[in-house]
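Each chain gets a letter, A, B and so on, in the order its sequence line appears, and its residues count up from 1.
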Number of protein chains: 2
Amino acid sequence: MLKKQLIMEKALELFSEQGFEATSVQQITDRCGISKGAFYLSFKTKDELVISMVDYYLQQFIIDVDQVVRGTYNKETVLVEFYKSIFQAFKDHSASARVFFNEKVFLTKKELFHKITAYEAEMSKSILYMLEQLYQDQLQETKYDVMYCIKGFMKSYAELFIFSDMPLDLEQLAKSLAEKTDIIAHHTTIPFITADLVPFIAKPCEQDVSKDAVLQLLEQNINHAEDSIEKESIELLKQEIENPTYGKAIIKGLIENLRLDPAYHWIAYVTAKYFNI
Amino acid sequence: MLKKQLIMEKALELFSEQGFEATSVQQITDRCGISKGAFYLSFKTKDELVISMVDYYLQQFIIDVDQVVRGTYNKETVLVEFYKSIFQAFKDHSASARVFFNEKVFLTKKELFHKITAYEAEMSKSILYMLEQLYQDQLQETKYDVMYCIKGFMKSYAELFIFSDMPLDLEQLAKSLAEKTDIIAHHTTIPFITADLVPFIAKPCEQDVSKDAVLQLLEQNINHAEDSIEKESIELLKQEIENPTYGKAIIKGLIENLRLDPAYHWIAYVTAKYFNI
DNA sequence: TATACTAATGACTAATCGGTCATTTGTCAA
DNA sequence: TTGACAAATGACCGATTAGTCATTAGTATA
């Protein structure tokens, strides 16, 4: 498992320097200080490496954003905190941001394109949730437009982090974009993305978390679990899905058990969605 | 010359389907219905093809935007016209937009990265010019931020054109984004990109058009010219650069001669910049 | 020490790449 | 019809690729 992480990190470096197609497995293993054979013990193919990397790096990003959005109860600061966490992530992980967001190296591989699109849709949901909490009914007509503006701000200002390493005042940037977002939200009168357009924009990704998908995810991870608390929590959540027994409090507790370990963040996130918690 | 265009068009199709590195010269020539050898009669290397494509497709885009910005004198409509032309271009050339803007396939090749960055900087200049004309002194502190917002709107909404082919109301989109731009311009109070930050952001590209660069460009194209008017105009402009003689009117006239032929749009654009016309 | 097992190696293969060049094809004027 | 020239071809080359597998190194148990 540690080997996998090493490979993913070094591969990310190389991908961000040279791109995906231009980076050979040999180069990756050289930088890792391992043999080519060892690579194929961790990943069946080069493509599988990339798929794992997308999951590894984008899940973290989505989770961070969602936690800020759902964890900040102060309406005055939630927008600022949102932008701060986004750009802090761009700053800390500029290599993966460059590879996965700005380049869309993987545009061509259908499976990966859908994966990335699905993660982007997750982020859109978090943003929409934030807007609904902030502006409630004031934003009926224009909330999708405001969301698109936010994503545009992100894409545009991310350049500053991705293509240069000059010191930037994150706090000031977050304040500036929060103000812009608030201005747009309050003053926009001409929407473009209307409710009837949304179904066509919504990308081919699971709108809701399906029962089978969650069960499969839990199944996959039940064996990796070493800590007994986590193993038991996963086991119990699996049973709960197949045969609902406990109340919300217990379910939430089990999920929180998982959320404590970064390795289970994603499971916690998805399971919470399934149970609407 | 026609062969070159055929190759560039078919290559663009393949690049947008599979990406640059993943597309082989063989595939390109197969789709063109020519032999591999014939390819190398038109382009010395695969890289040279890509460089030519960047010039061919991005120049058109920059010129279109600049013409709208400088040609629309009605302050009420310039923003709407600007967005309409941008998204019309995205709609008409979604393949090249996908390849050159959204993917940055060429991020890794230094030369190409600088080229694309330079073209983007050209567009930024056009946008800034538009903002200065529209808002004049009202936008001292925040004009760079507004420009970044505009570029963000473009990047975000361009998705709709690039990743789906549903019919969209261009007029409505342009009006909606024009309103958003106007709102941002009027209400923003917290700038992020301040004047002292700009020199660091400005990318390593020729800030002003250098004399030698223009001379070289004219030199290169003097032989391609078939129409005698155009050949003569280029010749005279070259002499004018080396030895200023005529007044603005004559120079502008010579440039306009070139602007009439799409093949010389770019030369006209650059030369006009050199003479500050 | 001997045995059994897994982890790790790197030489190897078959395929594909960008690019070359001797050869063929097509098109003129003579 | 011939000869001269340019346009076009595709077999071929060396280099590189993703992926394999017989072999070796390392480690734990008996």
Side-chain angles (χ1 to χ4, degrees), chain A residues 1-54 56 99 103 105-113 115 223-224 226, chain B residues 1-54 56 99 103 105-113 115 223-224 226:
Chain A
M1 193 57 95
L2 276 171
K3 181 72 64 65
K4 272 195 176 187
Q5 246 175 55
L6 172 70
I7 293 171
M8 288 195 283
E9 275 161 26
K10 299 300 180 187
L12 184 67
E13 287 175 23
L14 285 161
F15 289 170
S16 87
E17 290 165 16
Q18 323 176 3
F20 168 64
E21 296 279 356
T23 301
S24 69
V25 174
Q26 188 72 63
Q27 283 176 296
I28 295 169
T29 55
D30 282 353
R31 187 166 294 198
C32 291
I34 62 172
S35 70
K36 211 170 161 187
F39 173 91
Y40 285 95
L41 292 177
S42 291
F43 300 98
K44 275 204 280 294
T45 64
K46 192 183 169 188
D47 280 351
E48 199 193 275
L49 163 68
V50 180
I51 292 171
S52 301
M53 285 173 68
V54 172
Y56 184 77
V99 172
E103 268 202 71
V105 188
F106 313 114
L107 199 70
T108 54
K109 311 227 167 194
K110 288 245 164 75
E111 186 188 357
L112 280 167
F113 176 66
K115 224 179 215 306
N223 294 321
H224 295 311
E226 285 160 22
Chain B
M1 192 55 96
L2 277 171
K3 182 71 64 63
K4 271 196 177 187
Q5 248 175 52
L6 173 70
I7 292 172
M8 287 196 284
E9 275 162 27
K10 298 300 179 187
L12 184 69
E13 287 176 23
L14 285 161
F15 290 169
S16 88
E17 290 165 16
Q18 325 175 7
F20 169 64
E21 297 278 357
T23 300
S24 68
V25 174
Q26 188 72 64
Q27 284 176 296
I28 296 169
T29 55
D30 282 353
R31 187 166 294 198
C32 290
I34 61 172
S35 69
K36 212 170 159 185
F39 173 90
Y40 285 95
L41 293 177
S42 291
F43 299 98
K44 276 205 279 292
T45 64
K46 192 183 170 189
D47 280 351
E48 198 192 276
L49 163 67
V50 181
I51 292 171
S52 301
M53 285 172 68
V54 172
Y56 184 76
V99 172
E103 271 202 67
V105 190
F106 314 114
L107 200 71
T108 54
K109 310 226 167 196
K110 288 247 164 74
E111 187 189 357
L112 280 167
F113 177 65
K115 224 179 217 303
N223 295 321
H224 295 311
E226 287 160 21

Student: Think B:Lys3 has a side-chain N or O under 4.0 angstrom from the OP1 or OP2 of D:dA8?
Tutor: yes

Student: What's the CD1-P distance between A:Ile7 and C:dA7, to the nearest Å?
Tutor: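 Checked: the CD1 to P distance equals 14 Å.
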
Student: Rounding to an integer number of Å, can you tell me how far A:Lys46 NZ sits from D:dT16 P?
Tutor: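 For the pair A:Lys46 NZ and D:dT16 P, the rounded distance is 15 Å.
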
Student: Let me know the distance between CZ of B:Phe43 and P of D:dA7, rounded to the nearest Å.
Tutor: 16 Å

Student: Looking only at side-chain atoms of A:Val25, point me to the closest of D:dA18, C:dG18, D:dT9.
Tutor: D:dA18

Student: Of the nucleotides C:dG10, C:dG19, D:dG19, which has the atom closest to the A:Tyr40 side chain?
Tutor: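 Nearest listed nucleotide: D:dG19.
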
Student: Atom CG of A:Asp30 and atom P of C:dT9: how far apart are they, to the nearest Å?
Tutor: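 In whole Å, C:dT9 P and A:Asp30 CG are 11 Å from each other.
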
Student: Verify, without hydrogens or angle tests, whether A:Gln18 (side chain) and A:Phe15 (backbone) share a donor-acceptor contact under 3.5 angstrom.
Tutor: no

Student: Give B:Thr23 one of three labels, base, sugar-phosphate or nothing, depending on what nucleic acid heavy atoms sit under 4.0 Å from its own.
Tutor: sugar-phosphate

Student: If you pin A:Ile34 and B:Gln26 to their nearest nucleotides in DNA chain C, which one's is more 5'?
Tutor: A:Ile34

Student: Check for a donor-acceptor pair, side chain of A:Glu9 on one end and backbone N or O of A:Leu6 on the other, with a separation under 3.5 Å.
Tutor: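 Such a contact is absent between A:Glu9 side chain and A:Leu6 backbone.
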
Student: For residues A:Lys3 and A:Ser42, report the shortest heavy-atom separation together with the two atoms involved.
Tutor: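 That would be CG-OG, 3.5 Å.
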
Student: Can a side chain N or O of B:Ser24 be found less than 4.0 Å away from OP1 or OP2 on C:dT16?
Tutor: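 Checking C:dT16 against B:Ser24, no side-chain N or O comes under 4.0 Å of OP1 or OP2.
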
Student: Using whole Å, report how far CD1 of A:Ile28 lies from P of D:dG19.
Tutor: 11 Å

Student: C:dT9 C1' sits how many Å from A:Leu41 CG, rounded?
Tutor: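 To the nearest whole Å, that distance equals 10 Å.
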
Student: With a cut-off of under 6.0 Å to the ring centre and 45° to the axis, is A:Lys46 in cation-pi contact with A:Phe20?
Tutor: yes

Student: May I ask you to verify whether the side chain of B:Lys36 and the base of C:dG18 hold a donor-acceptor pair under 3.5 Å?
Tutor: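 Yes, a donor-acceptor pair under 3.5 Å.
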
Student: Testing the basics here: between B:Phe39 and B:Thr29, what is the closest heavy-atom pair and its distance to 0.1 Å?
Tutor: CB-CG2, 3.6 Å

Student: Send over the distance from A:Leu6 CG to C:dA8 P, rounded to a whole Å.
Tutor: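 Answer to the nearest Å: 11 Å.
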
